[in-house]
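Given the structure is predicted, the values throughout are model-derived calculations rather than measurements. Throughout, protein chains are lettered first and strands after them, A, B, ... in sequence-line order, and every chain is numbered starting at 1.
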Amino acid sequence: MSKDPLGDLKSSFANEVNSVARELGSSGHFSPLQVSIVQRDRSSYGLPVGFKLAKELGKDPESAAREVLNRLDLRKVAYASEAYVDRGYLNLRVERGRFFRDIIRLASSEELGIGERKGSTLMVEHTSVNPVHPLHVGSGRNALIGDSFSRILRFLGWDVRRHYLVNDCNLQVAILAAGRSKLRDLRPKGKIDHWFGLIYAISNASLEIWKAKRGIASDSKIEDWIETFERVRRVEPELERVGELSEEEVISLLRSYQKGEAVEMFREVAESVLEGFLSTLGRMGIHYDQFDWESDLIWKGWAERAVRRLEDSGYLGREEGAIYVDLWRAVREREDVRRVFGLSEEEIAKIEEEGRLGEVVPRRFYLSRSDGTWLYTGTDVAYSLYKFEGIGVEACYNVIASEQSLEQRGVRACLALMGYDPDRLVHLSYEMVNLVGAAMSGRRGIYVTLDEILDEARRKVEEILRGRGIDDEELSEISEKVALGAVKYALISVSPNKVVQFRWERVLNFEENSGPFIQYAYTRALSIIRKAGEVPKDYDPEELRSEIEVSLIQMISEFPERVRSAYQLMRPDIVAIYANDLASLFNKFYETHPVINAARREERDARLNLVWAVKGVLGLSMDLIGIPRLEKM
RNA sequence: GGGCCCGUAGCUCAGCAAGGACAGAGCGGCGGCCUUCUAAGCCGCAGGUCGGGGGUUCAAGUCCCCCCGGGCCCGCCA
């Protein structure tokens, strides 16, 4: 039994039309996805059959469509009651009763759109923030997209593993560890990741000031670093005792750690900051199945294993002790590597002829430094090998900012050279979040943290709820859930490939087009059901015939294909927008269609079932984007 | 210079993958609706050369080409 009546209708309709078209000698091939609702009557679905076949059949669109109509076997089309031609379209009227009943049944039992078990495991790696400062709004976007996408995959039937890569083996963590080592005797204050974030900022400042004194180039102006140092000192005066950090001591610390020394020093900072992350992420309902430590990948030999595999492939090179992969040669000689860069053999040849290969493909992909320490790219390649050889997942989605797309291509190229299909590693790319005034800078301690956003949203909800006679415990629970809904929706309702400007008014919006708006519609539906006592099993779906009622069912029926789109396009925002649209339509229904006090018993029973169905699909959508359901608000 | 992404109403964004039957929401603005299932709601009004130009097509916001504007990347950083 399918969990997608509309999908059944569309595929059987398209199949039948295609088979008739073939009988008529046409090659015209329609996809089920082209079947669209007829806006003006909302109970027909159509295909532009006439236009497509007119030329092939040598007829005008209207007659071509009629020709198909005459041969159509409606018994082969799910839920079909009648077919007709309208201005070149071949339309199908659905048998409302059965169609509505099936949709309402599946929606209210919350099975609508659930995929069959696939029996294979997909991995989603997300968040993976350097453990050096608190999670900010950009990391939040990553975590929310990753978490939501995981939920979507699971809903569609895959086994999903959510992994977090703890990047503890890079210079950033070494800077923090170096700073912390100068402040050994200090006890953390406040939320631990925030405290370490301050140490990180002042350590960077002190390192950059040290560099400036010696005339070593830096990304930012020295004034900015002095400002950073002063700013942190004002917040936490004792941190100035970090003193001066030299580049040598930072690098030598990193070298020791990668060799398996100074372990406690690194693990203390990384684990502390991670602990802070997990408290924030847990608050947001985001959980992981496994944490993979970058350092473990090195110590347990995955990095060496990856290098051996690349060595065997023949594309590994060494220069002054640094290890790299020869991407130019790989892209010239290997089809799979070319695919990673989206280039054909002919295109490469042409580009080479014009002498522009360097513009399109980086010459080398470095995995380690001359001093023998691993670069992030190196451990990332090691991690990829671990994912497929160590764990054995079918495919892995890396939720990583778009600014790393070139690095991701490098990793995928290495995966190909290690003998795996590079398409099994998918870069789920998203654009960054900007602050309106200043650019965010983790190193300088300039960011809006997820914690403060959640707290601020919560304060605003409490303000709204105060004086409504809700007891403290309930008020606290509702405020937290509504705040989460607001923040999550704000970050997830935008297409991942759009840059987001962070605005407080966006995360604090509780009106239409917000998490709370969806949650509100959900509680309204729930409240009707609660007051009604029970939803009668016996009802007549034909009672649902107003424009809004029919539109609601239509929208509910589209839920499965929306979820599939969100999966295929890797866009959880599609589900978020869907939930908002459904909530909006339900609110219009709510205003104009009394349910419990409906004029007739039959009407009441049918509407109750519809409300139940809305509640189910709204609830499922909320689950998929991680917006908490609540009983009351 | 090259690669990727974005450009739709004053602002924030859907619609583009898969061309089709009237360009849509929200916010902001203005004006209405709480003795009836929660007003975090609903209704109405105003607001558009879908960045520009070519092309393909019976049909282009959607596909192709060129151009303009913006973001990110092109490190032995991550």
Side-chain angles (χ1 to χ4, degrees), chain A residues 30-36 38-40 46-48 50-52 54-55 60-61 86-89 91 130 167 170-172 219 319-324 341-342 351 356 358-362 364 366-371 373 375-378 380 400-407 409 429-432 434 442 461 464-465 468 482 486 493-501 503 505-506 509-521 523-525 527-532 565 568-569 571 573-574 577-578 580-581 584 587-588 590-598 607 611 632-633:
Chain A
F30 293 97
S31 140
L33 300 152
Q34 285 170 280
V35 178
S36 60
V38 177
Q39 290 298 334
R40 94 174 70 76
L47 276 172
F51 305 107
K52 290 279 191 286
K55 197 167 282 177
D60 62 288
D86 179 20
R87 288 172 294 170
Y89 278 80
N91 291 349
N130 276 350
N167 293 288
N170 53 58
L171 284 173
Q172 309 312 313
D219 297 349
E319 183 190 46
E320 294 171 17
I323 299 172
Y324 65 84
F341 286 90
I351 290 165
R356 304 192 295 114
E359 287 178 0
V360 184
V361 179
R364 292 172 173 175
Y366 278 91
L367 304 180
S368 73
R369 301 182 179 86
S370 324
D371 69 1
T373 55
L375 291 161
Y376 160 69
T377 45
D380 215 9
I400 298 180
S402 69
E403 60 195 16
Q404 292 201 45
S405 60
L406 192 57
E407 186 269 353
R409 285 190 163 178
S429 162
Y430 66 94
E431 290 287 342
M432 60 177 181
N434 284 326
V461 181
I464 293 171
L465 285 176
R468 286 199 186 177
V482 173
S493 61
V494 182
S495 164
N497 50 23
K498 245 165 185 154
V499 176
V500 168
Q501 281 290 335
R503 286 196 174 79
E505 57 270 32
R506 188 186 180 91
N509 170 32
F510 301 162
E511 294 174 13
E512 178 152 1
N513 207 357
S514 78
F517 176 80
I518 297 165
Q519 291 170 310
Y520 186 65
T523 59
R524 278 179 145 184
S527 160
I528 292 175
I529 292 167
R530 196 170 42 230
K531 293 219 162 124
S565 292
Q568 275 158 4
L569 300 174
R571 283 186 47 192
D573 63 293
I574 288 175
I577 298 290
Y578 173 82
N580 178 68
D581 291 348
S584 176
N587 275 330
K588 292 177 192 5
Y590 185 93
E591 298 286 337
T592 48
H593 292 64
V595 178
I596 293 170
N597 302 318
R607 285 181 181 171
V611 171
K632 181 178 161 185
M633 62 189 279

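Atom-to-atom, CG of A:L171 to C1' of B:A78 comes out at 9 Å; the value is rounded to the nearest Å. Protein atom CG of A:N167 is 15 Å distant from nucleotide atom P of B:C77, rounded to whole Å. Regarding A:Q39, its CD atom lies at a distance of 12 Å from the P atom of B:A23, rounded to whole Å. To the nearest angstrom, P of B:C76 lies 13 Å from CG of A:D371. Residue A:E431 contributes atom CD, which lies 10 Å from atom P of B:C73 at whole-angstrom precision. Regarding A:R409, its CZ atom lies at a distance of 14 Å from the P atom of B:C74, rounded to whole Å. Summarising the geometry, the separation between CD on A:E407 and C1' on B:C73 is reported as 12 Å, rounded to the nearest angstrom. For the pair A:N434 CG and B:G70 P, the interatomic distance rounds to 15 Å; values are reported in whole Å.
The side chain to side chain donor-acceptor pair (under 3.5 Å) check on A:Q404 picks up A:Y376, with sequence neighbours excluded. Under the rule for a salt bridge (Lys or Arg N to Asp or Glu O under 4.0 Å), A:R369 has no partner lying at least two apart in sequence or in another chain. The side chain to side chain contact (heavy atoms under 4.5 Å, CB included) test applied to A:Q568 returns no partner, not counting sequence neighbours. Under the side chain to side chain contact (heavy atoms under 4.5 Å, CB included) criterion, A:V595 pairs with A:I528, A:F589, A:R607, A:L608, A:V611, not counting sequence neighbours. Every residue two or more places apart in sequence or in another chain was checked for a side chain to side chain donor-acceptor pair (under 3.5 Å) with A:R409, and none qualifies. Remark: A:Q519 pairs with no residue by the side chain to side chain donor-acceptor pair (under 3.5 Å) rule, at least two apart or across chains. Shown here are the side chain to side chain contact (heavy atoms under 4.5 Å, CB included) partners of A:S31, two or more places apart in sequence or in another chain: A:L33, A:Q34. Here A:E319 pairs with A:R364, A:Y366 under the side chain to side chain donor-acceptor pair (under 3.5 Å) rule; sequence neighbours left out.
The backbone N or O of A:M633 lies less than 3.5 Å from no partner atom in the side chain of A:T523, so there is not a single donor-acceptor pair. A donor-acceptor contact shorter than 3.5 Å is absent between the side chain of A:N497 and the backbone of A:Y430.
Proximity of A:V499 to A:N434: side-chain heavy atoms (C-beta onward) are separated by under 4.5 Å at one or more points. Counting heavy atoms from C-beta on, the side chains of A:F510 and A:I464 come closer than 4.5 Å. Proximity of A:R524 to A:S527: side-chain heavy atoms (C-beta onward) are nowhere separated by under 4.5 Å. Within the 4.5 Å cutoff, the side chain of A:F517 has heavy atoms near those of the A:S584 side chain.
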**Prompt:** What pattern of brackets, bars and dots sums up RNA chain B from 5' to 3', given Watson-Crick or G-U wobble pairs under 3.5 Å, [ ] for crossing pairs and | for another strand?
**Reply:** (((((((..((((......[...)))).(((((.......))))).....(((((..]....))))))))))))....
Listed pairs, N/O of protein and of nucleotides 55-66 of chain B, under 3.5 Å:
{"residue": "B:C58", "atom": "OP1", "partner": "A:K55", "partner atom": "NZ", "Å": "2.6"}

**Message:** Return a single string for nucleotides 8-17 of chain B, one symbol per nucleotide in 5' to 3' order, where B is base contact, S is sugar-phosphate-only contact and - is none, cutoff 4.0 angstrom on heavy atoms.
**Reply:** ----SSSS-B
**Complete:** Protein heavy-atom contacts under 4.0 Å, written 5' to 3' over nucleotides 30-44 of chain B as B (base), S (sugar-phosphate only) or - (none), form the string ------SBBSBBSS-
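Comparing B:G41 with B:G51, their P atoms are spaced 31 Å from each other, to the whole Å. Taking atom C1' on both B:U8 and B:U62, the two are 12 Å apart, rounded to the nearest angstrom. Nucleotides B:G75 and B:G61 are separated by 40 Å at their C1' atoms, to the nearest Å. B:G48 and B:G10 have their P atoms separated by 6 Å, with the value rounded to a whole Å. A distance of about 23 Å separates the P atoms of B:A60 and B:C6, rounded to the whole Å. Taking atom P in both B:A9 and B:G52, the straight-line distance is 10 Å, to the nearest Å. Taking the P atom of each, B:G7 and B:A17 are spaced 14 Å apart, rounded to whole Å. Comparing the P positions of B:C58 and B:C67 gives an interatomic distance of 28 Å, to the nearest angstrom.
Base contact: A:S370 has a heavy atom under 4.0 Å from a base atom. At a threshold of 4.0 angstrom between heavy atoms, the contacts of A:L406 are confined to the sugar-phosphate backbone, with no base atom among them. Among the heavy atoms of the strands, none lies under 4.0 Å from A:P362. Within the nucleic acid shown, A:G46 comes within 4.0 Å of at least one base atom, counting heavy atoms only. If you check every strand for non-hydrogen atoms under 4.0 Å, A:D60 touches nothing. Within 4.0 Å of A:V361, counting heavy atoms only, lies no atom of the nucleic acid at all. Residue A:Q404 is classed as a base contact, given a heavy-atom separation below 4.0 Å to a base. Nucleic acid contact for A:E319: base, since at least one base atom lies under 4.0 Å from a heavy atom of the residue.
Because its glycosidic torsion is within 90° of 0, B:C34 is reported here as syn.
There is a side-chain donor-acceptor pair under 3.5 Å between A:E431 and A:S402.
Between A:N580 and A:R356, the residue whose closest nucleotide on RNA chain B is further toward the 5' end is A:R356.
For B:C76, the base has no donor-acceptor partner in the side chain of A:S368 [N/O atoms by modelled type, under 3.5 angstrom].
A salt bridge between A:R356 and A:E359 is present, with a side-chain N of the basic residue lying under 4.0 Å from a carboxylate O of the acidic one.
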